[in-house]
Amino acid sequence: MLYEIEREIRGRLPNARETVRQARAGPLLEDLHQWMQASLTTISTKSELATAIRYALTRWAVLTRYVGDGRIEIDNNAAERALRDVALGRKNYLFAGSDAGGERAAAIYSLLGTAKLNGIDPEGYLRTVLARIADHPINRIDELLPWNVELDSLAELRQAA
């Protein structure tokens with residue numbers, strides 16, 4: 001139910017999100033809080049459920065913080081997704097060949113990650129930069145950063161190749 005509320009208010013201004021959350025998510029969370037406290041009195045204190053409930057109750061203020069601030073998301077899934085590529089390739093990054101190779105790989109990963117965050121296709125960005133970099137003046141290299149590059153169309157790239 002909490003995520004359904006979030007789906008309905010996605011894209012709204014923070015103050016509107018906060019108002020809806022306080023009106024609709026707040027009571028749901030209060031009911032959940034009361035249920036957790038009541039459940040602790042009826043289940044074994046050594047059970048995994050009791051451990052999970054105590055964990056949630058000790059972090060209740062943090063868990064419900066998003067209700068009082070429309071700028072905060074209900075979870076950190078977007079950040080988790082952004083770091084997924086790093087986590088998947090973690091073992092591969094150990095074999096960069098040298099410290100210098102690792103630094104170069106980190107620079108490329110940072111550029112491609114920045115392109116993604118700016119809504120730019122990383123492959124298209126890399127293709128465009130590689131097509132231009134040989135003739136580009138070194139003192140104007142900042143013009144090739146993701147937010148400064150206009151991606152070439154696929155047809156233009158094929159003609160250049």
Side-chain angles (χ1 to χ4, degrees), residues 1-26 28-29 32-33 51-52 54-161:
M1 288 188 280
L2 295 172
Y3 280 91
E4 180 59 36
I5 293 167
E6 290 303 304
R7 270 190 290 282
E8 291 174 17
I9 63 174
R10 186 169 291 123
R12 292 191 189 173
L13 293 174
N15 58 350
R17 288 169 38 138
E18 181 180 339
T19 302
V20 171
R21 286 174 177 169
Q22 287 178 351
R24 294 180 53 202
L28 291 173
L29 288 165
L32 178 61
H33 190 261
T51 302
R54 280 192 302 275
Y55 180 85
L57 289 174
T58 59
R59 290 158 180 80
W60 192 254
V62 176
L63 177 67
T64 59
R65 176 72 178 104
Y66 83 100
V67 173
D69 189 338
R71 298 170 297 169
I72 300 174
E73 294 295 327
I74 190 172
D75 57 35
N76 66 344
N77 287 346
E80 295 278 343
R81 280 191 303 277
L83 293 174
R84 189 168 191 268
D85 293 338
V86 174
L88 290 175
R90 190 176 299 137
K91 287 187 179 179
N92 294 336
Y93 306 152
L94 295 173
F95 303 101
S98 66
D99 287 347
E103 289 174 11
R104 288 183 184 100
I108 293 294
Y109 292 132
S110 295
L111 272 174
L112 296 180
T114 301
K116 275 185 182 179
L117 288 173
N118 282 279
I120 298 169
D121 170 44
E123 185 180 343
Y125 168 72
L126 198 56
R127 193 177 294 132
T128 299
V129 169
L130 290 174
R132 295 180 186 176
I133 199 163
D135 299 324
H136 198 82
I138 190 68
N139 62 343
R140 293 190 355 233
I141 202 75
D142 61 310
E143 294 172 3
L144 297 179
L145 291 172
W147 50 87
N148 291 333
V149 170
E150 284 190 38
L151 297 186
D152 295 333
S153 71
L154 197 53
E156 289 173 349
L157 289 172
R158 286 185 181 143
Q159 288 174 357

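These values consider heavy atoms only, across backbone and side chains, with no hydrogens, waters or symmetry-generated copies. When a residue number appears, it is its place in the shown sequence, counting from 1. Fair warning: this is a prediction, and the values are worked out from it, not measured in the lab.
- Checked options Glu8, Gln22, Arg12; the residue passing with Arg17 is Arg12 (criterion: side chain to side chain contact (heavy atoms under 4.5 Å, CB included)).
- Minimum heavy-atom separation, Leu111 to Tyr125: CD2-OH, 3.7 Å.
- With contacts defined as side-chain heavy-atom distances shorter than 4.5 Å, the pair Arg24/Leu2 does not qualify.
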CA sep, side-chain torsions, deciding dist, call: Leu29, Trp60, side chain to side chain contact (heavy atoms under 4.5 Å, CB included): CA-CA 10 Å; Leu29 288 165; Trp60 192 254; 4.1 Å; yes

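- Considering CG of Leu117 and CG of Leu112, their distance stands at 11.0 Å, rounded to 0.5 Å.
- The main-chain N or O of Ala79 is never found under 3.5 Å from a side-chain atom of Asn76 such that the two would form a donor-acceptor pair.
- Taking the side chain as every heavy atom from C-beta outward, Thr114 and Trp147 approach each other to under 4.5 Å.
- When all heavy atoms of Tyr66 and Glu73 are compared, the closest pair comes out as CB-O, 3.6 Å.
- Heavy-atom contacts from other residues, nucleotides or ligands closer than 6.0 Å to CG of Asp99 number 12 or fewer.
- Within 6.0 Å of CZ in Arg104 there are 12 or fewer heavy atoms belonging to other residues, nucleotides or ligands.
- Inter-residue side-chain proximity for Leu28 and Ile5 is flagged as met; some heavy-atom pair is nearer than 4.5 Å.
- Using a cutoff of 4.0 Å between basic side-chain nitrogens and carboxylate oxygens, Arg71 and Glu18 are not scored as salt-bridged.
- Distance check: Ile108 CD1 to Glu103 CD gives 13.0 Å after rounding to the nearest 0.5 Å.
- Note: Arg21 CZ to Thr64 OG1 = 11.5 Å, rounded to the nearest 0.5 Å.
- Between Ile120 atom CD1 and Thr128 atom OG1 the span is 9.5 Å, to the nearest 0.5 Å.
- The CG atom of Asn148 sits 11.5 Å away from atom CZ of Arg140, with the distance rounded to the nearest 0.5 Å.
- Within a 6.0 Å radius of OH in Tyr55, no more than 12 heavy atoms belonging to other residues, nucleotides or ligands are found.
- Residue Ala115 comes nearest to Pro122 through the heavy atom pair CB-CA, 4.4 Å, listed as atom of the first residue, atom of the second, then distance.
- Counting heavy atoms from C-beta outward, Arg132 and Val149 have side chains that approach closer than 4.5 Å.
- Ion pairing of Arg127 with Glu123 is present here, as a side-chain N (NZ or NE/NH1/NH2) and a carboxylate O approach within less than 4.0 Å.
- Rounded to the nearest 0.5 angstrom, Tyr109 OH and Lys116 NZ are separated by 11.0 Å.
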